[in-house]
Asks: 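One structure, pasted below without further comment.
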Amino acid sequence: MDLGIRINAANEDGFGFANVTMFKMYRDEFKGNKQEDIIRKLALNGADFNVQVDKKITEIHQKVQKEIEPQIYSRLTKLREVGENATIEGIVENVEIDNKTFYMEFSHSCIVDVAKVVEGAKNLGLSKGDLNLGGNIIKIGDGEVEVKTGKDGKRNYVDISDNSAFTVTLCTSLGELNLMVYHDTEDYHQVQIEVEDEEMWNELQEIGEIVGKGCLFGGMSVKEAVERGSFTRCGRWDDQSSKSSETFSWVDKLKNNKTTSVGRS
């Protein structure tokens with residue numbers, strides 16, 4: 001768990017880490033008070049126990065859940081406040097905690113300051129930049145993006161959900177620069193990146209301005225990603241089986257692999 005594993009993410013058999021642990025308890029691999037301690041630790045970190053193994057373990061879970069419910073409610077309330085403070089347009093619809101990572105869902109056409117989300121979550125003990133497994137999921141409209149945080153605080157966008165697209169707005173000395181980020185429908189493992197205003201981009205390069213200092217795409221700087229035109233997906237969906245902040249907004253649809261309607265109007 002210290003490595004940042006998602007305790008609710010399902011394996012190939014459809015069971016998450018928390019549920020597998022419950023099965024091990026049923027097979028008596030954990031005894032006595034240790035069962036209650038493990039269930040408490042998992043529950044406090046957002047475990048979703050959606051299987052029942054036997055009456056004894058179910059009773060322990062129900063007892064623990066009742067005891068820690070106020071703590072869980074408090075954590076989720078604070079995380080929701082983080083999302084609300086980072087919302088420029090739209091509303092927060094749902095928040096969840098999964099071990100050291102978070103899931104945050106925003107309304108359709110929402111605009112979100114991702115830097116504020118990540119920093120706020122970090123202040124709550126989440127996404128501290130030491131995760132070897134898992135990443136944070138931000139959902140806007142029908143699209144999802146996975147963000148990992150490095151120890152240097154940089155936000156690394158490592159993946160987006162299949163067939164989704166976003167506008168990433170970066171602050172520069174010449175004004176806001178929009179990047180169109182979308183899943184490549186012809187190459188499953190790639191996410192395409194295009195600059196909306198190439199003239200502004202070229203001017204920024206001429207004056208030597210570093211765009212998006214706190215932002216990475218697939219581990220690459222903004223400049224590297226733009227020049228390459230894409231980055232390789234390295235997150236949860238990569239399996240076919242100036243101002244250091246940026247805002248995200250969902251793009252309604254794709255046409256011929258191009259973004260056609262930006263959901264920030």
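All values below come from the heavy atoms of this structure, side chains included, with hydrogens, waters and symmetry mates left out.
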Asks: Tell me whether D184 contacts the main-chain N or O of E186 through its side chain, where contact means a donor paired with an acceptor under 3.5 Å.
Replies: yes
Asks: Using a 3.5 Å distance criterion without hydrogens, assess whether the side chain of R80 forms a donor-acceptor pair with backbone atoms of V92.
Replies: yes
Asks: In terms of the angle between their ring planes, are F217 and F231 parallel, tilted or perpendicular, with boundaries placed at 30° and 60°?
Replies: tilted
Asks: Cut-off 3.5 Å, side chains only: do S164 and S161 have a donor facing an acceptor?
Replies: yes
Asks: Okay, side chain of T172, backbone of G175: is any donor-acceptor separation there less than 3.5 Å?
Replies: yes
Asks: Just jot down the side-chain hydrogen bond (donor to acceptor under 3.5 Å, both in side chains) partners of E67, sequence neighbours excluded, or say none.
Replies: R40, K63
Asks: E93 and S107: side-chain donor and acceptor closer than 3.5 Å?
Replies: no
Asks: Are E224 and S221 linked by a side-chain donor-acceptor pair shorter than 3.5 Å?
Replies: yes
Asks: Please confirm whether the backbone N or O of G83 pairs with a side-chain atom of T87, one donor and one acceptor, at under 3.5 Å?
Replies: yes
Asks: For the residue pair E176 and T169, confirm or rule out a side-chain donor-acceptor distance under 3.5 Å.
Replies: no
Asks: Side chain of R233, backbone of V158: donor and acceptor closer than 3.5 Å?
Replies: no
Asks: Identify the heavy atoms of V226 and V195 that sit nearest to each other, and give their distance.
Replies: CG1-CG2, 3.4 Å
Asks: With ring-ring contact (aromatic ring centres under 6.0 Å, His included) as the rule and sequence neighbours excluded, what pairs involving residues 61-89 come up?
Replies: F49-H61
Asks: Any donor-acceptor pair under 3.5 Å linking the side-chain atoms of D162 with those of Y188?
Replies: yes
Asks: Does some side-chain heavy atom of W201 sit less than 4.5 Å from a side-chain heavy atom of V211?
Replies: yes
Asks: Using only heavy-atom distances, determine whether the side chains of D37 and Q35 contain a donor-acceptor pair under 3.5 Å.
Replies: no
